[in-house]
Amino acid sequence: MATDAAVSKEGLFIPLIDFSKFLEGTADERATTAKAILDGFQTAGFVYLKNHEVPADKLRHTFSRSADFFDQPLDAKLKLGWTTPEANRGYSSPGREKVTQEQDLSQVEKMRSEVPDLKESFEIGRDSDPAHSNPWPPEEGKLGGFRADMVDFFDRCQKMHRDVMRAIALGMGLDEGYFDGFIDDADNTLRLLHYPEVKADVFKINPGQVRAGEHSDYGSVTLLFQDNRGGLQVRSPNGQFVDATPIEGTVVINAGDLLARWSNDTIKSTIHRVVEPPRKEGKEYPPRYSIAYFCNPNFKDFIETLPGTYGAEQDKKYGGVNSGEYLVKRLTATY
């Protein structure tokens, strides 16, 4: 069965897949859809899913609540500031985070000062974590009900994470529930992102300026909901960056470094970035909003090479690693 293309350029093919065929289809439809999803992760590291389980009205509402949050005065947001890689919760002001593949802390600091990422974010972890609490804004004015809305959206994304991992398992010939016990703690992060409006000439004055630098994600998969502004780019096999243009009603999902490692690099974790948008209004680029849900294996779990991705023991490219320790190490280099 031919798969539609969400992106097809410079040797990069990102499939557009009807996820309802996996969620509600016949056994054959589920198997075919699972294989298409796995193929997308193995070749591009990215897929677009349509007819997924987050309703359009719920998504619009969550974007609206995100805008309400970022519309607060800076002082109010700073009171909810991001603290540690272990917690990974709270507000990051523009320039605080520098996403990059670089892990030398002095080099990251140099990049942060020269070419800061033009974005602010608010990180939300699972609200039931006894070790770390979310720094919620006061439940008043426009932010009344904010916590309940975000917890609801977090839970919806967690269900999608489970279903995507079930599709990957089925595509790999594993038991469909293989990953269920590795992700049931929901040690994930919901990130609200706001890229403030900027003057168009900022990208000409500073040629290296981006809204978010080149990077791969760290965990298993990332669910990304975009507005219609654009700017996300994915690196193609020939090294060129290609626009991952927003398609209404879809979620963009990419594989992360830990899933690539888990799969013995049979699944790709592809470099991507957010750059100067394709359209401006007058002399300014309007604000861009996106919502990312970063999925991880349970922090307590030990991740070893998946069965079926290697022949002999010496074919394993990586030793086992604790999920939580690995992710804290990666976050420490980012902030």
Side-chain angles (χ1 to χ4, degrees), residues 5-7 12 14-17 19 37 40-41 44-56 58-63 65-67 70 88 92 97 99 117-125 150 153-165 167-168 188-195 210-235 241-260 267-275 277-278 287-296 334:
V7 176
L12 179 70
I14 302 178
L16 172 61
I17 298 168
F19 199 40
I37 289 171
F41 287 137
F46 275 75
V47 301
Y48 283 57
L49 299 184
K50 63 181 180 179
N51 297 325
H52 52 79
E53 57 256 74
V54 178
K58 180 61 64 175
L59 189 56
R60 282 194 300 270
H61 182 68
T62 308
F63 267 100
R65 301 316 313 266
S66 174
F70 290 115
N88 193 28
S92 293
E97 181 194 27
V99 287
D117 287 354
L118 300 178
K119 68 177 190 299
E120 56 180 343
S121 65
F122 186 60
E123 319 287 322
I124 301 165
M150 292 303 139
F153 193 78
F154 187 104
D155 292 343
R156 290 173 185 271
C157 288
Q158 168 60 7
K159 182 178 183 299
M160 192 189 301
H161 176 211
R162 184 201 67 191
D163 291 335
V164 170
M165 296 305 291
I168 292 171
N188 305 323
T189 301
L190 174 62
R191 171 184 284 185
L192 308 180
L193 278 155
H194 172 223
Y195 302 85
V210 292
R211 278 178 153 175
E214 299 176 19
H215 66 286
S216 57
D217 293 344
Y218 308 151
S220 53
V221 296
T222 301
L223 317 180
L224 177 67
F225 303 91
Q226 305 188 73
D227 66 11
N228 63 3
R229 299 296 184 188
L232 175 66
Q233 292 188 329
V234 177
R235 192 165 71 184
F241 276 94
V242 175
D243 289 334
T245 303
I247 299 176
E248 187 172 356
T250 66
V251 56
V252 179
I253 305 184
N254 62 284
D257 295 345
L258 199 46
L259 182 57
I267 286 173
K268 292 184 177 180
S269 178
T270 304
I271 301 290
H272 51 286
R273 65 186 185 183
V274 180
V275 298
R288 176 182 187 259
Y289 292 88
S290 65
I291 300 171
Y293 186 77
F294 295 100
C295 306
N296 307 303
T334 303

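Only heavy atoms go into these numbers, but all of them, side chains included; no hydrogens, no water, no symmetry mates.
At a threshold of 4.5 Å between non-hydrogen side-chain atoms, the residues F153 and V54 count as touching. Contact check for Y218 versus S269: no side-chain heavy atoms found under the 4.5 Å cut-off. Contact of the L49 side chain with the I17 side chain is registered, since non-hydrogen atoms from C-beta on lie closer than 4.5 Å. Looking at V274 and R288, their side chains come closer than 4.5 Å, going by heavy atoms from C-beta outward. Side chains of F225 and T62 form no contact here, defined as non-hydrogen atoms less than 4.5 Å apart. Side-chain contact between F19 and E53 is present, with at least one heavy-atom pair separated by less than 4.5 Å.
A cation-pi arrangement is present between R273 and F241, with the terminal nitrogen or guanidinium carbon under 6.0 Å from the aromatic centre and inside a 45° cone about the axis.
Residues passing the side chain to side chain donor-acceptor pair (under 3.5 Å) test with R162, sequence neighbours excluded: none. With sequence neighbours excluded, no residue satisfies salt bridge (charged side-chain N to carboxylate O under 4.0 Å, His left out) with D155.
The minimum heavy-atom distance linking V221 with F41 is given by the pair CG1-CZ, 4.4 Å. The shortest non-hydrogen separation linking P287 to R229 is O-NE, 3.3 Å. The two atoms that bring L192 and F70 nearest to each other are O-CZ, 3.3 Å, heavy atoms only. Considering all non-hydrogen atoms of both residues, G249 and H52 come closest at O-NE2, 3.3 Å. Scanning all heavy atoms of the two residues, the minimum distance from I267 to A255 falls at CG2-CB, 3.5 Å. For S216 against D257, the heavy-atom pair with the smallest separation is OG-OD1, 2.9 Å.
Applying the side-chain hydrogen bond (donor to acceptor under 3.5 Å, both in side chains) definition to pairs two or more places apart or across chains, those involving residues 247-256 are D217-N254.
To the nearest 0.5 Å, atoms CG (L259) and CE (M165) are separated by 5.0 Å. Rounding to the nearest 0.5 Å gives a distance of 5.5 Å between CG of L223 and CE of M160. Atoms CD and CG, on E123 and L190 in that order, are 8.5 Å from each other to the nearest 0.5 Å. Taken from CG in D227 to CZ in F63, the straight-line distance is 6.0 Å, to the nearest 0.5 Å. For the atom pair CD1 of I14 and CZ of F46, the computed distance is 6.0 Å after rounding to the nearest 0.5 Å. Atom OH of Y293 and atom CG of L224 lie 14.5 Å apart (nearest 0.5 Å).
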> side-chain contact (heavy atoms from CB on, under 4.5 Å) between V7 and V234: does it pass, once the steps are laid out?
Replying inline: CA-CA 10 Å; V7 176; V234 177; over 6 Å; no

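Distance alone, capped at 3.5 Å, is enough to place a donor-acceptor pair between the T270 side chain and the A44 backbone. With hydrogens and angles disregarded, a donor-acceptor distance shorter than 3.5 Å links the side chain of N188 to the backbone of N296. Between the side chain of D243 and the main chain of T245, no donor-acceptor pair closer than 3.5 Å is present. Using modelled atom types, one side-chain atom of Y48 and one backbone atom of A244 make a donor-acceptor pair closer than 3.5 Å. For the pair S220 (side chain) and C295 (backbone), a donor-acceptor distance under 3.5 Å is present. In this structure a side-chain-to-backbone donor-acceptor pair under 3.5 Å is missing from H272 to R235.
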